[in-house]
Visitor: 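I am attaching a structure below and will ask some questions about it afterwards.
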Amino acid sequence: MMDDMLKEFVVEALDLATNVEEHLLSLERRPDDTDALNALFRSFHTIKGGAGFMNLPAIVSACHLTENLFDALRTGQVPVTPTAIEAGLQASGFVADQLTKLAHGDAPESLPAMPGELEDILTQAIEGREAQPAVAAAAEPAINTDNTGNAAIATIADSDDGLDWEALYRAVVPAGVQLVSSNAKPAAASPARTSVEDGARPITAAVKEDSIRIDAVKLDALLEVAGESVQAANQASVLLEKLAQFKFDGQAAALMSALAETLGRASRYSTELQRATLSTRMQPVGRLFQKFPRLVRELAKDLGKEVELVIEGAETEVDRVVVDSLYDPLVHMLRNALDHGIEEAYDRLGTGKPPKSTILLKAWQEGSSVMIELADDGKGMDPDKLRAKAISKGLISEHAAQTAEEAYQLVFLPGFSTKEVASSVSGRGVGMDVVKTAVEKHRGAIRIDSKLGEGTRFTIRLPIELSIVPTMLVRTAGAALAMPMAVVERVVELPDTFDGVGGAPVLRDQGRPLAVRSLASILGYEPGREKVGVVIAAPQPYILAVDGVDGTADLVIKPLTALAVPGINGTGRSAEGELVLVISLAFLLDGCQVNATRLAA
């Protein structure tokens, strides 16, 4: 039982610790933000109480000192200084580290004690410029409870010590608990007065348990079953359609009609079950984004640069698996932006830029995809230097990556780096290929756009739902394939002959000359009579030639795990039960390059 209670405490306390960082950074920008101060006080107070119950002395000690600090800040004894902000950040980091160790299975008794450095900086912040002692334990008023455990009325005595006890009380007690001063006139207090003795209910917010925590593995298993039920219902519908072609009389006809109606309901319910299960896995990307302001602040401080991180679209929802998997790639991209992309303040001033740079982290929904953009206003990338670096490393031939767009993508090649000397911030340039791999693992794609002297933008496209993907079903060389609808622009009829540019077939579509590529040839099949073209909405649009289009379908995708097939990243089953190979989104966006080494061709 205690293990379950500890797990519950750790989950909730980690949420509070993450929010603490957000409030601290807000307070750094607006030192007079009373709401942030109150929220910080309550967060540490709450964590301290739970940690005490769970016998976690190091967390209790850190929270107690930090609670003292925000007590002093809230009552005006100490001003909000950089030392106070830094102390709060270090304290929240220490508490989060302890909680993370517990979440990873460390025994409570194995956790390290609060370091002396943390105690020193907290004490220094508490003393402030005037070195006034903090009022901590005495400042916490008692909250009476009735026999149901609900907070009742608290009476606070006035004081001549110059402290605003009422403000302090409001900082600790949640909204909704009535406050009555001991010297209030009865007539003035009577209209709003309630008491336990009178038998009236205290004025307090109702507590409603409207959420529960479920192991993610159980949700994944439920989603798997829901997806299979949809597939089974779809296949049954197809079989029923085929069966309906035969003639049935009398009782058999009535049974067929009842079967069709029942199967229709089963299909609707299984689809609703699948959607409902999927919704339980959706999380706002803000849960991920809120981890980065402190990271950027500390990295910028280490590098001696002024950087502001702007976050937009934090409410955009995406599959929780994507949220979890994006942390490391985004950290690496932020590190690279700060170390490589952002200039020193004097260099920025020399080019007419403000000394403080801006990094934008933005998310939005676009069709069935979630878009995540990370952009900086730094020095940008020089495509000629990128190309020269890739050639010198033997990664491409002298005739490859001729356009600026192609040159930018070279940074994703394994072994590519523009920085020879390792730094403590971004390492030795290792990782951009890992970033691309991590994104593509979840059927996503990443692109780079840059302008020399103005900045660089990374754009990540990911499916909102990992398990179900809207696709177009196509057939080529007898094989059934599916491509994500996110990149399908339209379907066109192909002529018998094409114009040629450099020996490659080209078709003019809506005034644009687009290259025509054979899907069968790309995937290694024997090309057949490819008379249908699918216009692919890639950064460099082109037409993919196939034998035919079988329609569209929302497929339940199973990832390929036992083998690696270039261009294919999963399988599904059509309504007829036929196995379908799913073409990678990144593969289509990259112009159907089989792998990165084809850039050298």
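Model, not experiment: these values are computed from the prediction.
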Visitor: Go through the steps to decide whether Glu530 and Arg517 satisfy the test salt bridge (Lys or Arg N to Asp or Glu O under 4.0 Å), and finish with yes or no.
Guide: CA-CA 10 Å; Glu530 297 172 319; Arg517 297 166 188 166; over 6 Å; no
Visitor: What verdict does the side chain to side chain contact (heavy atoms under 4.5 Å, CB included) test give for Leu16 and Glu12, after you've listed the backbone C-alpha separation in whole Å, the side-chain angles of each residue and the deciding distance to 0.1 Å?
Guide: CA-CA 6 Å; Leu16 283 172; Glu12 294 182 359; 5.7 Å; no
Visitor: Grab the two heavy atoms, one from Ala482 and one from Leu473, that are nearest each other, plus how far apart they are.
Guide: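 The pair with the smallest heavy-atom distance is CB-CD2, 3.8 Å.
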Visitor: Does any N or O in the side chain of Ser229 come within less than 3.5 Å of the main-chain N or O of Ala226, such that one atom is a donor and the other an acceptor?
Guide: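 Yes.
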Visitor: Are side-chain heavy atoms of Met333 and Ile460 found at a separation under 4.5 Å?
Guide: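 The answer is yes, as the side chains (C-beta and beyond) meet within the 4.5 Å cut-off.
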Visitor: Any heavy-atom pair between the side chains of Leu334 and Leu295 that's under 4.5 Å?
Guide: yes
Visitor: To check you understand the geometry: which heavy-atom pair defines the closest contact between Gln365 and Thr316, and what is its length?
Guide: N-CG2, 4.1 Å
Visitor: Less than 4.0 angstrom from a charged side-chain N to a carboxylate O is my criterion; do Asp590 and Arg447 meet it?
Guide: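 Looking at Asp590 and Arg447, the cut-off is met.
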Visitor: Are Val580 and Thr471 packed together at the side-chain level, in the sense that at least one heavy-atom pair is separated by less than 4.5 angstrom?
Guide: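 No, their side chains stay 4.5 Å or more apart.
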Visitor: Grab the two heavy atoms, one from Val285 and one from Ala363, that are nearest each other, plus how far apart they are.
Guide: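 The pair with the smallest heavy-atom distance is CG2-CB, 3.7 Å.
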Visitor: A quick test of your reading: do over 12 heavy atoms of other residues, nucleotides or ligands sit less than 6.0 Å from OH of Tyr269?
Guide: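 Not more than 12 within 6.0 Å, no.
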Visitor: Is it the case that the side chain of Asp547 and the backbone of Ala477 share a donor-acceptor pair, with hydrogens and angles ignored and the cut-off at 3.5 Å?
Guide: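 Yes, Asp547 side chain to Ala477 backbone: donor-acceptor pair under 3.5 Å.
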Visitor: First locate atom CG of Leu374, then atom NZ of Lys362, and finally report the distance between them rounded to the nearest 0.5 Å.
Guide: 12.5 Å
Visitor: For Gln409 and Glu405, indicate whether the former's side chain and the latter's backbone hold a donor-acceptor pair under 3.5 Å.
Guide: yes
Visitor: Does Phe587 reach the side chain of Leu523, with side-chain heavy atoms less than 4.5 Å apart?
Guide: yes
Visitor: Is the count of non-hydrogen atoms from other residues, nucleotides or ligands lying under 6.0 Å from Lys451 atom NZ greater than 12?
Guide: no
Visitor: Just wondering, do Leu330 and Leu288 contact through their side chains at under 4.5 Å, heavy atoms?
Guide: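 Yes, close enough: below the 4.5 Å cut-off.
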Visitor: Let me confirm one number: the CG-OG1 distance from Leu544 to Thr476, rounded to the nearest 0.5 Å.
Guide: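 It is 8.5 Å, given to the nearest 0.5 Å.
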Visitor: Would you say that Leu243 contacts Phe248 through its side chain, given a criterion of any heavy-atom pair below 4.5 Å between the two side chains?
Guide: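 A side-chain contact exists here, since the closest heavy-atom pair is under 4.5 Å.
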Visitor: Rounded to the nearest 0.5 Å, how far apart are CZ of Phe412 and CD of Glu440?
Guide: 9.0 Å
Visitor: Can you confirm whether Val534 sits close enough to Ile543 that some side-chain heavy atom of one is under 4.5 Å from a side-chain heavy atom of the other?
Guide: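 No - every pair of side-chain heavy atoms lies 4.5 Å or more apart.
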Visitor: Between Ile568 and Ile583, does the side chain to side chain contact (heavy atoms under 4.5 Å, CB included) criterion hold? Intermediate values first, please.
Guide: CA-CA 5 Å; Ile568 305 297; Ile583 306 173; 4.2 Å; yes
Visitor: Considering non-hydrogen atoms only, spot the tightest contact between Ile391 and Ser397 and give its length.
Guide: CG1-O, 3.9 Å
Visitor: Donor-acceptor check, side chain of Ser518 to backbone of Ala545, threshold 3.5 angstrom: yes or no?
Guide: no
Visitor: Does Lys7 reach the main-chain N or O of Leu102 with its side chain, forming a donor-acceptor pair under 3.5 Å?
Guide: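 No; judged by distance alone, with no hydrogens or angles, the pair does not exist.
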Visitor: Could you tell me whether the side chain of Leu240 reaches within less than 4.5 Å of the side chain of Met256, counting heavy atoms only?
Guide: yes
Visitor: Could you tell me the separation between the CG atom of Leu361 and the CD atom of Glu373, rounded to the nearest 0.5 Å?
Guide: 9.0 Å
Visitor: Show me the pairs that pass salt bridge (Lys or Arg N to Asp or Glu O under 4.0 Å) and involve residues 480-495, at least two apart or across chains.
Guide: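 Salt bridge (Lys or Arg N to Asp or Glu O under 4.0 Å) check on residues 480-495 returns Glu489-Arg512, Arg490-Asp509.
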Visitor: Assess whether side chain to side chain contact (heavy atoms under 4.5 Å, CB included) is satisfied between Asp384 and Arg387, documenting all intermediate values.
Guide: CA-CA 5 Å; Asp384 292 333; Arg387 193 179 297 111; 3.0 Å; yes
Visitor: Arg508 and Pro513: which non-hydrogen atoms are nearest, and at how many Å?
Guide: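 Looks like NH1-CD, 3.8 Å.
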Visitor: Please determine which of Val556, Leu579, Leu555 meets the side-chain contact (heavy atoms from CB on, under 4.5 Å) test together with Arg573.
Guide: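 Considering Val556, Leu579, Leu555, a side-chain contact (heavy atoms from CB on, under 4.5 Å) with Arg573 is found only for Leu579.
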Visitor: Would you please classify the geometry between the Phe292 ring and the Tyr327 ring as parallel, tilted or perpendicular, with 30° and 60° separating the classes?
Guide: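 Taking Phe292 first and then Tyr327, their aromatic rings lie parallel (interplane angle under 30°).
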Visitor: Pair Asn569, Val582 - check side chain to side chain contact (heavy atoms under 4.5 Å, CB included), show working.
Guide: CA-CA 6 Å; Asn569 68 351; Val582 182; 4.0 Å; yes
Visitor: Side-chain donor-acceptor pair under 3.5 Å between Asp328 and His332, yes or no?
Guide: no
Visitor: Judged by atom type as modelled, is there a donor-acceptor pair below 3.5 Å linking the side chain of Tyr408 to the main-chain atoms of Ser450?
Guide: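 Checking the backbone N and O of Ser450 against the side chain of Tyr408, a donor-acceptor pair under 3.5 Å is found.
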Visitor: Taking Thr280 for the side chain and Thr277 for the main chain, is one N or O donor matched with an acceptor at less than 3.5 Å?
Guide: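 Such a contact is found between Thr280 side chain and Thr277 backbone.
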Visitor: Can we say Arg268 and Glu272 salt-bridge, meaning some charged N sits less than 4.0 Å from an Asp/Glu carboxylate O?
Guide: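 Salt bridge absent between Arg268 and Glu272.
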Visitor: To the nearest 0.5 Å, what is the distance between NZ (Lys242) and CD (Glu576)?
Guide: 6.0 Å
Visitor: Checking the side chain of Thr271 only, and the main-chain atoms of Ser267 only, is there a donor and an acceptor separated by less than 3.5 Å?
Guide: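 Present.
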Visitor: Which atom names give the shortest non-hydrogen contact between Leu588 and Ile536, and what distance separates them?
Guide: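 Closest approach of Leu588 to Ile536: O-CG2, 4.0 Å.
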Visitor: What's the spacing between Leu360 CG and Asp376 CG if we round to 0.5 Å?
Guide: 10.0 Å
